[in-house]
There are 2 protein chains.
Amino acid sequence: MSELKDRPYHHGDLRRTLIDTALAMLAADQNWTFTLREVARRAGVSHAAPYKHFRDRDVLLCELARIGFARLAQVMTTATSSPEFSPRRKFLEGAQACIDFALRNPGLYRLMFSSDADKTADPALHAAAMSAFGLLLGVLEDGQKTGCFRPAPIGAQAAAGWAQVHGLALLALNGQLLEEKVGAEPVRGALDVLLDGLCLGN
Amino acid sequence: MSELKDRPYHHGDLRRTLIDTALAMLAADQNWTFTLREVARRAGVSHAAPYKHFRDRDVLLCELARIGFARLAQVMTTATSSPEFSPRRKFLEGAQACIDFALRNPGLYRLMFSSDADKTADPALHAAAMSAFGLLLGVLEDGQKTGCFRPAPIGAQAAAGWAQVHGLALLALNGQLLEEKVGAEPVRGALDVLLDGLCLGN
DNA sequence: ACTCTATGTTGACAGGCGAAACTTTAATTG
DNA sequence: CAATTAAAGTTTCGCCTGTCAACATAGAGT
């Protein structure tokens with residue numbers, strides 16, 4: 001590779017480099033069969049060096065997932081931040097943003113929702129995941145208050161929205177939304193179907 | 001274990017035994033990190049024996065996934081077969097059956113929808129997955145014909161239903177449908193929300 | 001200046017995948 | 001019915017991974 005051999009013995013910020021390298025690998029690989037040794041190799045560092053920064057592989061995975069949720073929350077926030085959007089529009093934009101994120105970061109998205117990243121073990125990861133969920137709840141509450149959404153139990157609506165978006169993302173990721181089975185714009189179409197169930201007056 | 005040492009050199013039906021053993025492991029493990037050697041060990045056979053029946057690990061995985069889809073299609077079929085069910089009821093029963101299946105067979109369900117079981121590589125697997133999808137399409141077509149469901153593009157409705165059910169199943173599997181976040185009966189509630197979007201007259 | 005400690009390195013071990021070479025058994029066939 | 005052949009299991013091997021332990025180095029703090 002292009003790694004200079006004259007790198008000083010101490011890397012400087014290996015922790016960050018490892019994270020960045022792993023994120024790059026996740027971005028490049030649809031596969032996401034991500035080995036710690038490979039990360040070390042690409043970072044130009046010995047195979048055991050990562051253990052000075054992460055107790056074991058799962059800790060690194062958790063950290064990556066946490067970063068993923070933070071990024072996801074950010075893109076969803078910006079997608080839904082426009083104040084003149086109707087709740088319906090906000091829901092749509094947020095959902096699309098989430099699914100786009102999944103398609104742009106397939107490996108990372110899979111990791112975030114895989115059971116490998118044990119959310120119960122890492123409070124920071126759990127919090128990051130919850131912040132994305134909080135955005136959804138906010139949109140729903142807002143929509144109910146303004147009379148745009150039906151006054152159904154908000155938990156049910158949240159479960160429906162979350163499941164729908166997550167399900168669409170995974171199906172899209174796996175290439176299972178083929179046009180001959182599901183039409184030309186399945187994501188948009190499916191979200192419209194769900195929104196008909198969320199919204200009043202149609 | 002209880003394996004008799006006087007097993008004849010030839011196992012008899014190792015292929016079937018391997019599949020059954022692997023299924024049992026999937027049923028027992030939430031984890032589903034399933035090693036071929038462990039299967040061989042539990043089947044009381046040397047670690048290379050499986051290769052006489054499956055070219056590599058992925059082939060066995062594909063076969064397991066295929067069986068999973070066949071079973072899923074069966075439980076969904078029986079759940080929706082009652083002729084006096086309304087389309088709405090049929091959808092609900094089919095969806096619940098699918099989610100119940102996922103909860104009863106977490107490892108198998110995860111495998112079925114993981115990218116490890118590459119559906120494009122195995123036509124039989126693809127066909128099995130499609131047969132489950134066909135059930136959904138049938139219910140939707142029926143519902144539209146009888147005027148129970150809205151006359152929206154059926155691909156969009158199918159994508160919505162599929163994504164919703166799959167998403168709910170995965171979230172439930174990951175234990176992410178906690179009551180304080182999402183209410184007491186999130187699955188039923190979420191399905192009702194979606195059905196409001198599918199059905200006419202409400 | 002000298003030590004201490006965080007950070008890297010090398011080497012080792014267990015365990016997994018998969019290939020090759022070998023052995024045993026069952027089936028086919030002259 | 002005996003002999004050959006092919007199927008099904010076994011052992012051995014190389015290469016990979018995660019993880020640990022022992023050692024090396026350099027930068028920080030007294």
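Within every chain, numbering begins at 1; the chains are lettered A, B, ... in the order of the sequence lines, protein sequences first and strands thereafter. Hydrogens, waters and symmetry mates are skipped; everything else that's a heavy atom, side chains included, is used.
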| task | Mark yes or no: R88(A) above the aromatic ring of F91(A), with NZ or CZ under 6.0 Å from the six-membered ring centre and no more than 45 degrees from the axis. | result | no
| Lys NZ or Arg CZ of R66(B) over F69(B) ring: under 6.0 Å, within 45° | no
Could you give the [atom1]-to-[atom2] distance, from [X] to [N], as a whole number of Å?
X: F54(A); N: dC20(D); atom1: CZ; atom2: C1'; answer: 18 Å
X: H47(A); N: dT10(C); atom1: NE2; atom2: P; answer: 8 Å
X: R57(B); N: dT17(D); atom1: CZ; atom2: C1'; answer: 13 Å
X: Y51(B); N: dG18(C); atom1: OH; atom2: P; answer: 4 Å
X: L14(A); N: dG27(D); atom1: CG; atom2: P; answer: 15 Å
X: L36(A); N: dC16(D); atom1: CG; atom2: P; answer: 16 Å
X: R41(A); N: dG8(C); atom1: CZ; atom2: P; answer: 18 Å
X: L60(A); N: dT19(D); atom1: CG; atom2: P; answer: 11 Å

| message | With a 3.5 Å distance limit and no angle check, can you tell me whether R150(A) reaches the backbone of L200(A) through a side-chain donor-acceptor pair? | response | no
| message | Can you work out whether H53(A) or D58(B) has the more 5'-proximal nearest nucleotide on DNA chain C? | response | H53(A)
Kindly say if [X] contacts the phosphate of [N], meaning a side-chain N or O under 4.0 Å from OP1 or OP2.
X: T35(A); N: dT17(D); value: yes
X: R55(B); N: dC17(C); value: no
X: R15(B); N: dG9(D); value: no

| request: Can you check whether any acceptor in the base of dT19(D) is under 3.5 Å from a donor in the side chain of R37(A), or vice versa? | output: yes
| message | Counting neighbours of CD on E185(B) that are heavy atoms of other residues, nucleotides or ligands and sit closer than 6.0 Å, is the number greater than 12? | response | no
| Closest listed nucleotide, where the reference is the side chain of A49(A) and the choices are dG8(C), dT17(D), dG11(C) | dG8(C)
| Residue K52(A), side-chain heavy atoms: nucleotide from dG18(C), dG11(C), dG8(C) that is nearest | dG8(C)
| field | Electrostatic pair E93(B):R89(B) at N-O distance under 4.0 angstrom | value | yes
